[in-house]
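Values below: every heavy atom of this structure, side chains too, minus hydrogens, waters and symmetry copies. So that the names make sense, note that chain A is the first sequence line, chain B the second, and so on, each numbered from 1.
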There are 2 protein chains.
Amino acid sequence: MGDKPTSKSVTVFDVAREAGVSKSTVSLVLTQSDKVSDKAKLKVEKAIEKTGYVYNRDAASLRSRRSNLVAIVINDLTNPYSAQLAVGLEAQIRKMGMFSMLVNSAESVETQTQLVKNLKEYNVAAFIICPAPGTTSDWMNKLVDQGFPVVNIMREISGAKVATVLPDNFTGTKLATEHLLAKGYKKLAFIGGLESISDYHQRLSGFTEAMVLADKSVAKKLCIQSETNRNGGRNAMLEVLDVEPDIEAIVCFNDVIAYGAVEQMRASGKIPGKDIAVVGFDDLEDSKLMSPSLSTVHVDANKIGIAVCQILSNIKDGNRNKILVGVDLIERETS
Amino acid sequence: MGDKPTSKSVTVFDVAREAGVSKSTVSLVLTQSDKVSDKAKLKVEKAIEKTGYVYNRDAASLRSRRSNLVAIVINDLTNPYSAQLAVGLEAQIRKMGMFSMLVNSAESVETQTQLVKNLKEYNVAAFIICPAPGTTSDWMNKLVDQGFPVVNIMREISGAKVATVLPDNFTGTKLATEHLLAKGYKKLAFIGGLESISDYHQRLSGFTEAMVLADKSVAKKLCIQSETNRNGGRNAMLEVLDVEPDIEAIVCFNDVIAYGAVEQMRASGKIPGKDIAVVGFDDLEDSKLMSPSLSTVHVDANKIGIAVCQILSNIKDGNRNKILVGVDLIERETS
DNA sequence: GGAATTTATTGGAACGTTCCAACATTAAAA
DNA sequence: TTTTAATGTTGGAACGTTCCAATAAATTCC
């Protein structure tokens with residue numbers, strides 16, 4: 001463990017000898033400099049091939065004080081949307097010519113702190129962080145002040161002076177709610193999520209806004225918080241049915257909540273999409289495949305990746321922008 | 001992008017000066033050597049704290065030719081079991097005092113090849129690979145021959161001379177099938193999976209073995225391959241119902257297939273767990289939470305992580321063991 | 001065609017750590 | 001006490017790259 005192939009490794013010097021140039025020229029080729037002649041470049045490339053040279057990024061990064069390693073710190077990889085997001089980010093970062101490494105904080109601030117501490121030792125070029133609950137603005141600001149480029153995603157941290165990329169939560173639930181109202185549903189509820197999560201308020205506001213614009217009152221009793229898992233969705237749905245047996249449509253905090261809600265409807269003898277309409281948020285892969293397929297607010301992970309990369313490419317100006325990534329309503333069978 | 005805090009960084013020399021010892025002593029403390037006095041160690045630790053020193057692993061790894069970076073190359077992070085697995089691996093590796101970085105090949109051999117090439121440049125200590133379909137034994141053997149410690153997981157690659165950790169697929173489906181037979185179900189089917197995947201054969205064999213031991217014949221028509229997603233499960237279930245309308249129990253290639261099968265049963269007017277029993281494989285988080293909860297074969301991601309770490313810790317002997325990780329049948333409401 | 005300029009190439013120093021052999025100190029054995 | 005051994009500490013060299021200033025070669029200008 002921790003051991004490495006001990007055979008003497010091939011270095012720029014070996015390549016240089018093989019190519020009949022100096023080590024410096026080899027280095028210029030490796031760093032894709034344009035001030036090297038095509039002839040020399042070709043010779044070097046041949047020599048690299050022949051010698052089986054592999055670039056040593058440790059040495060490069062030590063000397064140049066630069067790195068193309070971007071760390072993605074994800075709050076919970078077992079959460080399907082997070083996984084989708086991570087993959088989207090990875091793809092965009094790779095397109096930028098950078099290399100990303102993914103680590104999982106498992107929703108623990110302690111783990112997150114430890115991970116970031118370690119990642120600093122690896123000389124990462126930037127941090128993309130989907131923060132664990134309880135992350136303080138102090139901690140984040142310290143990271144930024146130390147000079148690390150940081151992009152915060154998905155969850156806002158109030159007081160943190162850091163660039164942030166979020167889905168447009170407000171618009172998402174507003175669209176969803178308007179859609180249900182337009183379909184003629186009169187009695188709506190909003191279920192799932194906890195007010196300790198920053199996006200809860202944004203999503204609830206979207207719902208409220210649409211209701212108010214349609215001259216509907218929003219009953220507190222029909223805005224039911226819950227754990228953001230299937231069980232939470234089931235329990236919240238049960239409560240809704242208890243408070244208002246004739247409920248007609250449900251706006252869910254996210255798709256997982258919607259899955260639970262759909263299950264509970266069935267258990268309570270209601271047919272989802274027929275007796276009660278449902279709209280989710282996230283557009284997980286299952287939402288399209290399940291039956292009935294789930295209407296939901298699509299949040300494109302690639303778009304988030306693109307926005308993050310945009311910030312990353314000119315973060316030197318101490319970019320503290322907030323980017324709201326556009327969302328799309330996908331109408332399917334449950335509405 | 002690619003830029004780093006340009007401020008002159010704190011080095012071992014600064015720490016040494018602050019602590020009143022030599023840089024070598026500082027280094028000994030950093031590497032947790034036992035040949036440094038407690039007094040000196042304490043002074044150094046204080047100085048590290050005071051100066052805000054951060055260890056430079058690039059320099060360390062360059063000089064020592066060692067690394068504690070383990071790369072985990074996962075075939076598809078959006079697959080819920082893969083994500084669970086990645087998290088389990090990560091946890092165990094961290095317990096070993098190593099640091100893991102996760103990358104996603106997205107089931108593409110090309111991406112996988114590119115990723116591994118890059119990771120070599122980062123001087124990783126070992127590779128844990130869940131190979132993309134189409135991965136050749138030649139490629140894997142070359143990696144091993146280059147001296148990199150490699151552990152192959154989940155999918156066997158025939159001809160590859162590499163240590164491998166797999167769930168005990170055979171025993172898993174055998175247990176599942178025996179369980180259904182013991183419950184008195186007579187007409188069983190096996191659905192899902194494609195024979196191009198290595199674990200398909202193992203799981204199917206487990207089913208067949210249990211059937212044969214119980215003096216049942218296995219009808220080819222009731223072993224139906226399909227894409228390993230929800231749709232695949234639905235289609236396979238539809239086909240089963242077509243071939244044998246009185247089917248009593250289904251052994252599924254994995255949980256996702258089971259989810260699809262359950263949906264199709266409902267759509268076809270059958271009640272899962274009552275009219276038709278179902279057993280899955282993997283034990284995803286949803287399987288416990290869904291309704292009715294899914295009986296399934298539990299594959300503990302942490303156990304796989306432990307087995308991988310075992311191999312990793314004495315891989316120097318050119319370990320080519322195959323470890324079959326034990327599985328457990330979890331009986332729930334669908335059987 | 002020679003001077004001025006641009007373009008390519010080069011060797012030496014530096015990045016921050018660990019290794020190593022030499023030294024200094026302390027403890028144990030004689 | 002002296003000798004031997006064990007223990008702790010140290011400065012210099014090395015890891016493989018990029019940076020830099022200097023040189024060499026090719027091109028342009030008058």
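- Using a 30° and 60° split on the angle between ring planes, A:F99 and B:Y122 fall in the tilted class, from 30° to 60°.
- Under a 4.0 Å N-O distance rule, the pair A:E18/A:K43 does not qualify as a salt bridge.
- Residues B:R65 and A:S9 bring a donor and an acceptor atom of their side chains to less than 3.5 Å of each other.
- Atom CD of B:E285 is surrounded by 12 or fewer heavy atoms from other residues, nucleotides or ligands within 6.0 Å.
- Think of the region where chain A sits on DNA chain D: with heavy atoms and a 4.0 Å cut, that region ends 5' and 3' at D:dC15 to D:dC19.
- Side-chain polar atoms of A:Q112 and A:T135 form a donor-acceptor pair below 3.5 angstrom.
- Listed by residue number, the members of residues 17-34 of chain B with any heavy atom below 4.0 angstrom from DNA chain D are B:V21, B:S22, B:K23, B:S24, B:T25, B:L28.
- Residues A:N152 and A:I157 have side chains in contact (heavy-atom distance under 4.5 Å, counting atoms from C-beta outward).
- Applying the 6.0 Å contact sphere to CD of B:E121 captures more than 12 heavy atoms from other residues, nucleotides or ligands.
- The stretch residues 36-56 of chain B touches DNA chain D through B:V36, B:S37, B:A40, each having a heavy atom within less than 4.0 Å of the strand.
- Remark: the B:N123 side chain and the B:S67 side chain contain no N/O donor-acceptor pair separated by less than 3.5 Å.
- Using a 3.5 Å distance cut-off with no hydrogens or angles, the side chains of A:T78 and A:D76 do pair a donor with an acceptor.
- Between the side chains of A:T51 and A:D14, no donor N or O sits under 3.5 Å from an acceptor N or O.
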